[in-house]
Amino acid sequence: MPVPPIYPVAAIRAIEALALPGAVPPLMERAGTAAAALAMELLPDQGAPVLVACGPGNNGGDGFVVARRLHAAGYRVSVAFAADPTRLPGDAAAAHAGWLAFGGTIHPTLPTPPEGGWALVIDALFGIGLQRPIEGLYGDWIAEMSATPGLRLALDIPSGLDADTGHCPGACFQADHTLTFIALKPGLLTLDGPDQCGTLHLATLDLDAEALAPAPGHTVRPALFAGHLQPRQRNSHKGSYGDAAIIGGAPGMVGAALLAGRAAAYLGAGRVLVGLLDPAALAVDLLRPELMFRSADALLTEAGLGALAMGPGLGQCQAARALVATAVAAATPVVLDADALNLVARDTTLQAALAGRTLPAVLTPHPAEAARLLACATADIQADRIAAACALARRYQAWVVLKGCGSVIAGPDGAWWINTTGNPAMATAGMGDVLTGMVCALLARGWPPRDALLAGVHLHGLAGDSLCAQLGLDTGLLADDMAGAARGVLNQWLRPPGRVS
């Protein structure tokens with residue numbers, strides 16, 4: 001399956017400039033036709049009442065085409081349009097004239113809903129080019145449209161959502177469905193985008209975006225790491241699958257290290273060794289006795305480690321700082337999470353050592369940790385998550401996942417991806433520790449850092465999605481539930497239905 005590309009607004013505009021001249025039918029007609037087809041799939045019956053709110057630009061032109069197509073199909077269509085038609089762009093002006101020529105009428109304000117309400121409200125107010133908060137008349141329209149009890153469909157992007165960042169600087173349409181055109185945009189997939197978009201649909205308008213311009217980013221799909229998804233050779237042993245080492249577990253936080261260790265075991269590391277800082281901790285996991293325990297200092301001197309994860313429950317004492325320094329200098333792939341990242345953030349010597357590593361490093365910050373690493377505010381990170389992830393990867397010469405809604409993965413070479421798996425039930429303590437253990441296991445098994453991080457993040461989200469679907473959960477998902485679910489999904493990838501061993 002192809003890996004869907006992601007384009008920021010400037011790149012979409014470049015694609016449009018290449019495709020628009022001579023396009024037959026015009027791109028606006030294609031967009032409106034695709035939107036009408038989706039609307040007809042969503043509507044309960046052919047005579048249902050539909051409101052289309054059209055704005056002053058090309059997004060409004062898409063709306064006029066939708067209105068004409070739905071009217072021709074027998075739906076009761078009302079169009080709201082408050083702008084000056086003489087100032088519409090060329091294609092949008094033609095679409096406006098086409099709606100009127102077809103016998104359509106225009107309401108300068110939002111019309112009163114019919115008895116029983118609108119079956120569908122279509123947001124065609126503002127598209128991906130909007131760079132300011134929506135206020136005043138259109139802000140009022142968006143509030144009223146978002147409150148309708150019927151279905152809500154946004155064209156290209158919910159009006160008010162920043163297409164590059166997923167930020168809502170002002171009023172923003174709340175869609176049940178969003179049909180975006182040509183290719184995916186970052187803001188649809190991260191920060192507030194998923195909440196505002198509802199179910200996301202893509203209409204390519206018969207364009208091959210990647211044939212017209214290289215994509216700066218992609219979504220995460222198993223195709224990116226499919227070469228590693230092979231069943232184990234019969235002639236293998238535990239030494240074939242690497243030793244994964246987890247260091248953390250200061251007093252009061254031993255559970256974090258255990259969660260990471262269990263996740264590494266479930267993801268198939270040959271051995272999992274856990275080094276705890278708490279000298280009073282029990283040197284066995286009674287639920288997973290397969291885990292092997294060492295003191296944290298002793299584990300760092302262990303020979304032949306395949307990968308090392310530092311941070312789950314680590315704390316920020318001087319002993320923890322010394323352990324991080326040793327890990328950063330170690331001749332093994334390393335994953336830094338949680339307090340390991342906080343210690344790096346406040347120590348320029350550690351920062352320089354991390355940036356100068358020759359072996360792979362993987363960083364797994366949440367937004368507040370990312371802000372500490374970049375010496376800025378958390379709001380600055382969230383204002384442009386892709387730029388922040390790329391800045392971290394560049395500064396520390398590491399592979400980075402900036403966690404959150406639409407986690408962003410970035411490499412030191414400037415490549416980036418947005419992961420679309422996962423759900424809000426995963427917003428609970430310990431989830432990051434599980435992810436750290438999963439990535440560490442894949443690194444220990446010999447996966448390169450890019451593929452280990454992409455697979456770990458995608459699999460982590462899929463495990464959460466699978467559990468929530470099975471159990472009907474919106475809340476109450478526990479981190480310790482995740483590793484077994486991740487093992488199940490990974491094995492489905494390794495041995496899909498119909499595959500002959």
- Query: Can Ser159 and Asp123 be said to form a side-chain hydrogen bond (donor to acceptor under 3.5 Å, both in side chains), step by step?
  - Reply: CA-CA 7 Å; Ser159 291; Asp123 165 28; 2.7 Å; yes
- Item | With sequence neighbours excluded, residues passing side-chain contact (heavy atoms from CB on, under 4.5 Å) with Pro222 | Phe225, Leu229, His458, Trp493
- Validation row: Leu459, Leu267 side chains within 4.5 angstrom (heavy atoms): yes
- Task: Give a yes or no on whether the backbone of Ala355 and the side-chain of Gln397 come within a donor-acceptor separation of less than 3.5 Å.
- Result: no
- Any sub-3.5 Å donor-acceptor pair from Asp162's side-chain atoms to Gly187's backbone N or O? no
- Where at least one partner belongs to residues 205-217, residue pairs that pass side-chain hydrogen bond (donor to acceptor under 3.5 Å, both in side chains), sequence neighbours excluded: Glu210-His218
- Excluding sequence neighbours, so at least two apart, what forms side-chain contact (heavy atoms from CB on, under 4.5 Å) with Ala263? Val434, Met438, Ala483
- Is there a side-chain contact between Leu374 and Asp380 (heavy atoms, below 4.5 Å)? no
- Task: Search all heavy atoms of Leu299 against all heavy atoms of Val274 and return the closest pair with its distance.
- Result: CD2-C, 3.8 Å
- Closest heavy-atom pair, Leu277 versus Ala250, reported as atoms and distance to 0.1 Å, is CB-CA, 3.9 Å
- Task: Check whether any side-chain heavy atom of Leu161 lies under 4.5 Å from a side-chain heavy atom of Cys197, and answer yes or no.
- Result: yes
- So do Pro312 and Leu259 actually touch side chain to side chain, heavy atoms under 4.5 Å? no
- Message: Please check: side-chain N/O of Thr148 versus main-chain N/O of Met145, any donor-acceptor pairing under 3.5 Å?
- Response: no
- Message: Are the side chains of Leu490 and Tyr266 in contact, using a 4.5 Å heavy-atom criterion?
- Response: no
- Query: So, the side chain of Arg385 versus the backbone of Leu402: is there a donor-acceptor pair under 3.5 Å, distance only?
  - Reply: yes
- Ala452 backbone acceptor or donor facing His228 side chain under 3.5 Å: no
- Task: Mind listing the closest non-hydrogen atom pair of Ala307 and Leu443 along with its distance?
- Result: CB-CB, 3.6 Å
- Closest approach of Leu308 and Ala327, non-hydrogen atoms and distance? CD2-CB, 3.6 Å
- Task: Check for a donor-acceptor pair, side chain of Arg30 on one end and backbone N or O of Leu205 on the other, with a separation under 3.5 Å.
- Result: yes
- Residue pairs passing the salt bridge (charged side-chain N to carboxylate O under 4.0 Å, His left out) test where at least one lies in residues 240-263, sequence neighbours excluded: Asp243-Arg271, Arg262-Asp285, Arg262-Asp480
- No-hydrogen, no-angle side-chain donor-acceptor test under 3.5 Å, Ser466 and Gln470: yes
- Task: Could you grab the distance from atom CG of Leu179 to atom CG of Asp156, nearest 0.5 Å is fine?
- Result: 8.0 Å
- Which pair of non-hydrogen atoms, one from Ala398 and one from Pro412, has the smallest distance, and what is that distance? O-CD, 3.3 Å
- Task: With sequence neighbours left out, write down each residue that passes side-chain contact (heavy atoms from CB on, under 4.5 Å) with Leu473, or none if nothing qualifies.
- Result: Cys468, Leu471, Leu477
- Message: Under the criterion side chain to side chain contact (heavy atoms under 4.5 Å, CB included), I'd like the reasoning laid out for Leu359 against Val334: C-alpha separation, chi angles, the key distance, then a yes or no.
- Response: CA-CA 8 Å; Leu359 286 170; Val334 65; over 6 Å; no
- Query: How would you list, by chain and number, every residue that makes a side-chain contact (heavy atoms from CB on, under 4.5 Å) with Ala415, sequence neighbours excluded?
  - Reply: Asp413, Trp417
- Could you tell me which non-hydrogen atom of Lys185 sits nearest to which non-hydrogen atom of Ile128, and how far apart they are? CE-CG2, 4.1 Å
- Going through the distances and angles, do Leu191 and Gln382 end up as a side chain to side chain contact (heavy atoms under 4.5 Å, CB included)? CA-CA 7 Å; Leu191 199 62; Gln382 296 292 70; 3.5 Å; yes
- Should Leu363 and Val344 be marked as a side chain to side chain contact (heavy atoms under 4.5 Å, CB included) after you check the CA-CA gap, both sets of side-chain angles, and the distance that decides it? CA-CA 11 Å; Leu363 314 183; Val344 169; over 6 Å; no
- Query: If you round to the nearest 0.5 Å, how far is CG of Asp164 from CG of Leu188?
  - Reply: 10.0 Å
- Side chain to side chain, Arg321 and Leu350, heavy atoms closer than 4.5 Å: yes
- Query: To the nearest 0.5 Å, what is the distance between OG1 (Thr178) and CZ (Arg152)?
  - Reply: 10.5 Å
- Any pair with a residue in residues 327-346 that passes salt bridge (charged side-chain N to carboxylate O under 4.0 Å, His left out), sequence neighbours left out, goes on the list, sorted by first then second residue, please. Asp337-Lys403
- Message: Tell me whether Gln174 contacts the main-chain N or O of Asp195 through its side chain, where contact means a donor paired with an acceptor under 3.5 Å.
- Response: yes
- Message: Taking salt bridge (charged side-chain N to carboxylate O under 4.0 Å, His left out) as the cut-off, I'd like each qualifying pair that reaches into residues 348-363, sequence neighbours left out, listed once.
- Response: none
- Step by step, would you call Asp176 with Thr199 a side chain to side chain contact (heavy atoms under 4.5 Å, CB included)? CA-CA 6 Å; Asp176 297 306; Thr199 301; over 6 Å; no
- Any pair counted as side-chain hydrogen bond (donor to acceptor under 3.5 Å, both in side chains), so long as it reaches residues 249-259, sequence neighbours left out: none
- Pairs meeting criterion salt bridge (charged side-chain N to carboxylate O under 4.0 Å, His left out) with involvement of residues 442-468, two or more places apart: none
- Message: Is any side-chain heavy atom of Thr180 closer than 4.5 Å to one of Ile157?
- Response: no
- Item | Spacing of Ile246 atom CD1 and Thr436 atom OG1 [to the nearest 0.5 Å] | 7.5 Å
- Item | Distance in Å, Leu200 CG paired with Leu202 CG, rounded so as to fall on 0.5 Å steps | 7.5 Å
- Judged by atom type as modelled, is there a donor-acceptor pair below 3.5 Å linking the side chain of Tyr7 to the main-chain atoms of Ala213? yes
- Query: Between the side chain of Arg395 and the main-chain N/O of Leu373, is any donor-acceptor distance below 3.5 Å?
  - Reply: yes
- Item | Cys405 backbone acceptor or donor facing Thr190 side chain under 3.5 Å | yes
- Is there side-chain contact between Glu41 and Leu38, with at least one heavy-atom pair below 4.5 Å? yes
- Task: Would you list the pairs meeting ring pair (Phe, Tyr, Trp, His ring centres under 6.0 Å) in which at least one residue belongs to residues 163-204, sequence neighbours left out?
- Result: His177-His201
- Output the distance between atom CG (Leu453) and atom CG (Leu224), rounded to the nearest 0.5 Å. 11.5 Å
- With Arg288, which residues qualify under salt bridge (charged side-chain N to carboxylate O under 4.0 Å, His left out), at least two apart? Glu290
